[in-house]
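Bear in mind the structure is a predicted one, so any value in this text is a computation, not a measurement.
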Amino acid sequence: MKLQEELGKKRTLMVVKKVDFGVYLGTSEERVLLPKKQVPAGIEIGDPIEVFLYKDSDDRIIATTQMPKIMMGELKELKVADTGRIGAFLDWGLPKDLLLPFKEQTAKVSKGDEVLAALYVDKSGRLCATMKVYPHLKTDSVYQKDDEVKGTVYEVSKNFGVFVAVDDRYSALIPKREDFGSLKVGDKITARVTKVHEDGKLDLSVRKKAFLQMDEDAQMLLKKMEISGGRLPFTDKSDAELIKKEFGLSKNAFKRAVGRLLKEQKIQISEKGIEILQK
């Protein structure tokens, strides 16, 4: 067993030596210190102890019987305890906070934020945290098309869309065509599965099926018109990006909502836009 390879893991190790300041665990070739304050009463050489392996403030591998909030291979939400010149520091339940380097952040974080993170060992052999959790997500969920799921946004890409960890463990994406710019890293969302890929990854939408969403969109437009004095300077010929920016709707969704309001005789269309029909 190479202790460096066991960083971030829970292991059961044998007591091989007792000293004034604790006990050494492991083998005759490779040993790790369990400090005295962590040693269970009555422990003897040859006894097994379950410990977690990490590095102390002097970058020495050390054992603890105190289990952290996250271990290697897990995804957990951790609170930002502080920020500094090399990154942020996360509270993971051990005396020495866990470093989240700037290059491993998918968005700027501040003290008090909750971030979804995984553990990794950096080039210098230290345990660190990363918000780039894509490689750690699973693709064997039981979810099917049209199922409702909950998840955490962990990255936003201009090219691909919004990356989501469903149940904080399964790989999912809100494709760019479904992203209307309102979601950010750390958001908790409820979404609908629109596709299950052959590899098990999920496509999501935060909108309902078109025929269900249309009524909500129509009511939203009506309220915006009321707030704006009964008129909005938009028609079905308006630029799609302007519609998306103003209402968070695709052009097709906007047209469906306007169509519903026209059918219900609540609005009329003029050269200047759409306006509430006065009765």
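Taking 4.5 Å as the limit, every side-chain heavy atom of Glu74 sits out of range of all side-chain heavy atoms of Leu119. Taking 4.5 Å as the limit, some side-chain heavy atom of Glu226 sits within range of a side-chain heavy atom of Ile276. At least one side-chain heavy atom of Val121 sits under 4.5 Å from a side-chain heavy atom of Gln4. Under the 4.5 Å side-chain criterion, counting only non-hydrogen atoms from C-beta, Leu7 is in contact with Ile61. At a threshold of 4.5 Å between non-hydrogen side-chain atoms, the residues Tyr154 and Val115 do not count as touching. The closest side-chain heavy-atom distance from Leu222 to Lys266 is below 4.5 Å. Annotation: side chain of Ile267 is in contact with side chain of Leu262 (closest heavy-atom distance under 4.5 Å). Using a 4.5 Å cut-off on side-chain heavy atoms (C-beta onward), Glu6 and Arg11 make contact.
Two different hydrophobic clusters hold Val185 and Leu137 under the rule that ILVMFWY side chains link at heavy-atom gaps under 4.5 Å. The same ILVMFWY cluster, assembled from side-chain heavy atoms under 4.5 Å apart, contains both Met71 and Val32. The hydrophobic clustering, which links ILVMFWY residues whose side-chain heavy atoms are closer than 4.5 Å, places Met131 and Leu99 apart. Side-chain heavy atoms closer than 4.5 Å link hydrophobic residues (I, L, V, M, F, W, Y) into clusters, and following such links, even through other members, never connects Phe160 to Val206. Leu116 and Leu202 fall into different hydrophobic clusters, where Ile, Leu, Val, Met, Phe, Trp and Tyr are joined by side-chain heavy atoms under 4.5 Å apart, directly or via other members.
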**Q.** Pair Val153-Ile189, side-chain contact (heavy atoms from CB on, under 4.5 Å): steps then yes or no
**A.** CA-CA 8 Å; Val153 174; Ile189 66 164; 4.1 Å; yes
Q: Apply side-chain contact (heavy atoms from CB on, under 4.5 Å) to Tyr54 and Ile62, showing your working.
A: CA-CA 6 Å; Tyr54 73 116; Ile62 197 163; 3.6 Å; yes
Q. Under the salt bridge (charged side-chain N to carboxylate O under 4.0 Å, His left out) criterion, do Lys55 and Asp59 qualify, and how do the steps go?
A. CA-CA 5 Å; Lys55 286 191 173 182; Asp59 267 353; 5.5 Å; no
Q: Would you sort out whether Trp92 and Leu127 count as a side-chain contact (heavy atoms from CB on, under 4.5 Å), showing the intermediate values?
A: CA-CA 12 Å; Trp92 64 325; Leu127 273 176; 4.0 Å; yes
**Q.** Steps toward salt bridge (charged side-chain N to carboxylate O under 4.0 Å, His left out) verdict (Asp58, Arg60)
**A.** CA-CA 6 Å; Asp58 295 318; Arg60 297 172 300 194; 3.3 Å; yes
Q: Please test Leu94 against Gln66 for side-chain contact (heavy atoms from CB on, under 4.5 Å), starting from the C-alpha separation and ending with a verdict.
A: CA-CA 7 Å; Leu94 295 181; Gln66 185 179 351; 4.0 Å; yes
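To the nearest 0.5 Å, the span separating NZ on Lys158 from NZ on Lys176 amounts to 9.5 Å. Going from atom OG of Ser228 over to atom CD of Glu275 covers 12.5 Å, rounded to the nearest 0.5 Å. The distance from the OH atom of Tyr24 to the NZ atom of Lys18 is 15.0 Å, given to the nearest 0.5 Å. Distance check, rounded to the nearest 0.5 Å: CG of Leu232 to CD1 of Ile243 gives 11.0 Å. Once rounded to the nearest 0.5 Å, the distance linking CG of Leu90 with CG of Asp82 reads 11.0 Å. Atoms CG and NZ, from Asp113 and Lys108 in turn, are 10.5 Å apart once rounded to the nearest 0.5 Å.
Scanning both residues, Phe102 and Gly84, for their nearest heavy atoms gives CZ-O, 3.3 Å. Shown here for Ala172 and Val166, the closest heavy-atom pair between the two residues is CB-CG2, 3.6 Å.
Side-chain N or O atoms of Gln38 include one that pairs as donor or acceptor with a backbone N or O of Thr65 at under 3.5 Å. Judged purely by atom type and a 3.5 angstrom limit, Glu30 uses its side chain to pair as donor or acceptor with the backbone of Leu3. Proximity of a side-chain donor or acceptor of Lys251 to a complementary backbone N or O of Ser238 within less than 3.5 Å is detected. A donor-acceptor pair under 3.5 Å is absent between the side-chain atoms of Thr83 and the main chain of Ser110, judged by distance alone. Between the side chain of Gln105 and the backbone N or O of Leu100 there is at least one donor-acceptor pair closer than 3.5 Å.
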Just list the side-chain donor-acceptor pairs under 3.5 Å for residues 43-53, sequence neighbours left out, or say none.
unit_1 : atom_1 : unit_2 : atom_2 : d
Asp47  : OD2    : Glu44  : N      : 2.8

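Side-chain atoms of Ser124 and Asp122 form a donor-acceptor pair, as typed in the model, at a separation below 3.5 Å. Side chains of Thr152 and Asp168: a donor on one and an acceptor on the other come within 3.5 Å.
More than 12 heavy-atom neighbours from other residues, nucleotides or ligands sit within 6.0 angstrom of NZ on Lys96. For Tyr134, the OH atom counts as loosely surrounded, since its 6.0 Å shell holds 12 or fewer non-hydrogen atoms of other residues, nucleotides or ligands. Counting non-hydrogen atoms of neighbouring residues, nucleotides and ligands closer than 6.0 angstrom, the NZ atom of Lys79 reaches no more than 12 such neighbours.
Exactly one residue among Lys103, His136, Glu104 makes a side-chain hydrogen bond (donor to acceptor under 3.5 Å, both in side chains) with Thr130. That residue is Glu104.
Classified by interplanar angle (parallel below 30°, tilted 30° to 60°, perpendicular above 60°), the ring pair Phe247/Phe254 is parallel.
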